[in-house]
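Okay, so here's the structure we're looking at.
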Amino acid sequence: MAYDKFEILNSTAVPLPIENVDTDQIIPARFLKATERKGFGDNLFRDWRYNGDDTPKSDFVLNNPTYSGKILVGGKNFGSGSSREHAAWAVYDYGFRCVISSFFADIFKGNCLNIGVLPVQVSPEFAAKIFAAIEADPKTEISVNLPEQTVTLVKTGESESFDINGYKKQNMLNGFDDIDYLNNIKSEISEFAKELPL
Amino acid sequence: MSTKKTLFDKVWDSHVVKHVEDGPDVLFIDRHLVHEVTSPVAFLGIKNRKSGVLFPNKTFATADHNTPTINQHLPVADPLSANQLKALEENAKEYGISHWGLGHEKNGIVHVVGPEYGITQPGATIVCGDSHTSTHGAFGAIAFGIGTSEVEMVLSTQCIMQPKPKKMRINVEGELNFGVTPKDVALYIISQLTTSGATGYFVEYAGDVFENMTMEGRMTVCNLSIEMGARGGMIAPDEKTFEYVKGREFTPTGAAWDKAMAYWKTLKTDKGAEFDKELTFSASDIEPMITYGTNPGMGMGISKSIPNAEDLEGGVATYKKSLGYMAFNEGEDMIGKPIDFVFIGSCTNGRIEDFRAFTSIVKGRKKADNVTAWLVPGSHKVESAIKEEGLLDILTEAGFELREPGCSACLAMNDDKVPAGKLAVSTSNRNFEGRQGPGSRTLLASPLVAAAAAVTGKVTDPRELMKELA
């Protein structure tokens, strides 16, 4: 499934300065029972966001109207745990297009790139700066520039570059995915398969 | 550049269809395992793109994540779970994929049945939409979890696109102490590395401890590789591996076996091959482990007390939040804490050796009255062995019941949910907040520690009970 192109995103951000946010928190297993990719945003951070009786927990950041935006800023080791792509779907479906953290778990990061959420890894120092800026002013604007591979605090101009491989960058810029690429080289794959030992 | 290759290099490099410039490798996948939860959207994708399944005989489907563990002969009560199971069955049928659904004699947890039927083989690349696919690395395979987009890629092209990870070797040398199991070895390593210590790496386990370990023990260790952030972990195949694989349903025979063996015997790290990182631990430092927090890295020897935040690396706020969730305090002992639930099962510890270990401690004792125990075999094959070996009689005598196979309370997608606030000793793989049910509190441990808790009703050092037996 192709997704919207990603070039430059200017947005306020939602801060979640907790380390090791695992995929069971992002979307608990009991909400993985759909057979279509629909509605996962409703259950994003379900058990941090809602009480057992489905009333919102007022102290959780997604329930705080002060914070909003298309960027989620998480603590270190964001997305650890399960391979469930539903976690990335939930982030996307809720309305985030970018997650910033000082460290990502591998599979979550890969899943994000495959569905059009840009994972931006920054230094711990810059992550701390972003959290501090949002704390000082919840309307802090952040600019994520994919062509230039930079993330910038708009007000102060403080900026840092981030890594992404050239192939994935082109995919994100064009809204392509790996499936398109692989479907185009099927005959090459079938030839290769003939030579394998197993 | 050195021509010496690691085990990982050998398997990875031989499966690269092509390298994309400034991008990932196109990696060919030998074996694809699918289950009901992470596959439906992938099948929708191949329908929408009209791409079909390129090699249906390389994909194997089993139902495990949301299945009930009692009354499996009855229709599944939860309509959403039933719908997913039906979707898997229909998709498998439509595309000619083998399907071991609920009630099938070969049904069980995907990472338990793969090895049982010889689908898992040395030198193979194996993926599944489940992070504990790393289990199959025990055979010298490259095995790891993938997302649903990648499940679709494998269905339609038998390939995924991934950059080659860095390589780490973890050696554990010496002999394990009394009462220390493969689960303890893994929990110990994770406690030393943290849950992100191996992120970006693929791990090879080496040294005396893994050489001496049974195949099932190796599966437990490789299973938990993901819990330190590693994509996967693997162990070089040896005579034990070949002996295990031989004669299983999907194992090659005759000339194909000879050819496979010739290949498999080359699967070891060359002397002098380089790793990006190498760590060595001493087996004598490891005691039976237990976790006290909300990630698998928050573990310690069972006789120790909960560390103070100031003595640890990492954020104090996150650590205190975690202990707050568990309702534990810094400096407390784990031993003696009353528990409510015991779960033995999962792709980590749901095999016959795990049930033998559990039974060895409960034999001649009784389940504690305050404990609800869920004993869930990893597959029908494990279930049969429990009965045939007489373990079931011992368990029944001690007041335990055996359930039917599935992932069960490891992730609590079915009805096997630990209620809010209750404390469970679990042989599974994750102690995340709410993992075993909303508000549940999980202590990860070995089958021996689980058994000791089940009969005493509290966290107990299993060595105390084992001494009495000896």
Task: Proximity breakdown for S14(B) and chain A, heavy-atom pairs closer than 4.5 Å - done: backbone
TODO: Hey, could you give me the CD1/CD1 distance between I179(A) and I46(B), rounded to the nearest 0.5 Å?
DONE: 10.0 Å
Open item on the list: Using heavy-atom distances under 4.5 Å, tell me whether V154(B) contacts chain A through its side chain, its backbone, both, or neither.
Closed with: neither
TODO: Among the options Q25(A), R84(A), H86(A), pick out the one with the most heavy-atom pairs lying under 4.5 Å from chain B.
DONE: Q25(A)
Open item on the list: Does any backbone or side-chain atom of L411(B) lie under 4.5 Å from a heavy atom of chain A? Answer side chain, backbone, both or neither.
Closed with: both
Task: K166(B)/D106(A) under salt bridge (charged side-chain N to carboxylate O under 4.0 Å, His left out): CA gap, chis, key distance, verdict - done: CA-CA 12 Å; K166(B) 291 183 283 186; D106(A) 266 347; over 6 Å; no
- [ ] Could you tell me which of G315(B), A256(B), G229(B), G45(B) has the largest number of non-hydrogen atom pairs under 4.5 Å with chain A?
- [x] G315(B)
Task: Top contributor to chain A contacts, counting heavy-atom pairs under 4.5 Å, from A317(B), S51(B), G434(B) - done: S51(B)
Task: Salt bridge present between D416(B) and R30(A) (N-O < 4.0 angstrom) - done: no
- [ ] Could you grab the distance from atom CG of D22(A) to atom CD of E433(B), nearest 0.5 Å is fine?
- [x] 7.5 Å
TODO: Of all the heavy-atom pairs spanning Q84(B) and L32(A), show the shortest one and how long it is.
DONE: NE2-O, 2.8 Å
Task: Short side-chain donor-acceptor distance under 3.5 Å, N20(A) and S196(B) - done: no
- [ ] Flag yes if more than 12 heavy atoms outside K139(A) fall under 6.0 Å of its NZ atom; otherwise flag no.
- [x] yes
- [ ] Please check if atom NZ in K186(A) has more than 12 non-hydrogen atoms from other residues, nucleotides or ligands closer than 6.0 Å.
- [x] yes
Task: Electrostatic pair K169(A):D22(B) at N-O distance under 4.0 angstrom - done: no
TODO: Specify the closest pair of heavy atoms between Y167(A) and G23(B), including all atoms of both residues, with the distance to one decimal.
DONE: CB-CA, 3.7 Å
Task: N183(A) versus chain B, the contacting section by heavy-atom distance below 4.5 Å - done: both
- [ ] Select one option (side chain, backbone, both, neither) describing which atoms of R435(B) are under 4.5 Å from chain A's heavy atoms.
- [x] both
- [ ] Mind ranking L182(A), D47(A), I185(A) by heavy-atom pairs under 4.5 Å with chain B and telling me who comes out on top?
- [x] L182(A)
Task: Atom pair CE/CZ of M413(B) and F31(A) - distance to nearest 0.5 Å - done: 10.5 Å
Open item on the list: Is it true that, when you exclude K321(B) itself, more than 12 heavy atoms of the residues, nucleotides or ligands shown sit nearer than 6.0 Å to its NZ?
Closed with: yes
- [ ] Using non-hydrogen atoms and a 4.5 Å limit, figure out which bit of A87(B) sits close to chain A: side chain, backbone, both or neither.
- [x] side chain
- [ ] Tell me, yes or no, whether the heavy-atom count around K76(A) atom NZ, taken from other residues, nucleotides or ligands under 6.0 Å, exceeds 12.
- [x] no
TODO: With a 4.5 Å cut-off on heavy-atom pairs, point out which of N111(A), I18(A), I107(A), N171(A) contacts chain B the most.
DONE: I107(A)
Task: Straight-line distance of Y181(A) OH to M161(B) CE, nearest 0.5 Å - done: 5.0 Å
Open item on the list: Going by ring-ring contact (aromatic ring centres under 6.0 Å, His included), name the pairs with one or both residues in residues 120-166 of chain A, residues two or more places apart or in two chains.
Closed with: none
Task: Interchain contact, T318(B) with chain A, by part (heavy-atom threshold 4.5 Å) - done: side chain
Open item on the list: I'd like to know whether NZ of K155(A) has more than 12 heavy-atom contacts from other residues, nucleotides or ligands below 6.0 angstrom.
Closed with: no
Task: D163(A), CG atom: more than 12 neighbouring heavy atoms under 6.0 Å - done: no
- [ ] Report the residues that fulfil salt bridge (Lys or Arg N to Asp or Glu O under 4.0 Å) with D78(B), sequence neighbours left out, ordered by chain and then residue number.
- [x] K33(A)
Task: Atom group of F104(A) that falls short of 4.5 Å from chain B, counting heavy atoms - done: backbone
- [ ] With a 4.5 angstrom heavy-atom cut-off, could you sort out which part of F55(B) is near chain A: side chain, backbone, both or neither?
- [x] side chain
Open item on the list: Which atoms of A87(A) are under 4.5 Å from chain B, going by heavy atoms: the side chain, the backbone, both sets, or neither?
Closed with: neither
TODO: Select, from P24(B), P296(B), G437(B), the one with the greatest count of heavy-atom pairs under 4.5 Å involving chain A.
DONE: P24(B)
Open item on the list: With a 4.5 angstrom heavy-atom cut-off, is it the side chain or the backbone of N295(B) that approaches chain A, or both, or neither?
Closed with: side chain
TODO: Would you give the length of the straight line joining atom OG of S83(A) to atom CD1 of I146(B), rounded to the nearest 0.5 angstrom?
DONE: 8.0 Å
- [ ] Begin from the C-alpha positions of R37(A) and L44(B) and carry the test side chain to side chain contact (heavy atoms under 4.5 Å, CB included) through to its verdict.
- [x] CA-CA 9 Å; R37(A) 192 185 145 181; L44(B) 268 186; over 6 Å; no
Task: Heavy-atom contact with chain A under 4.5 Å, split by part of V26(B) - done: side chain
- [ ] Using a cut-off of 6.0 Å, state whether more than 12 heavy atoms not belonging to K5(A) lie near its atom NZ.
- [x] no
Open item on the list: I want to check something: taking the side chain as every heavy atom from C-beta on, are T35(A) and K86(B) in contact at a cut-off of under 4.5 Å?
Closed with: no
Open item on the list: Counting neighbours of CD on Q149(A) that are heavy atoms of other residues, nucleotides or ligands and sit closer than 6.0 Å, is the number greater than 12?
Closed with: yes
Task: Between S149(B) and E85(A), a side-chain donor and acceptor under 3.5 Å - done: yes
- [ ] Calculate, to the nearest 0.5 Å, the distance between atoms OG and CG belonging to S82(A) and D130(B) respectively.
- [x] 7.0 Å
- [ ] Report the option among T194(B), N414(B), T195(B) that has the most heavy-atom pairs separated by less than 4.5 Å from atoms of chain A.
- [x] T195(B)
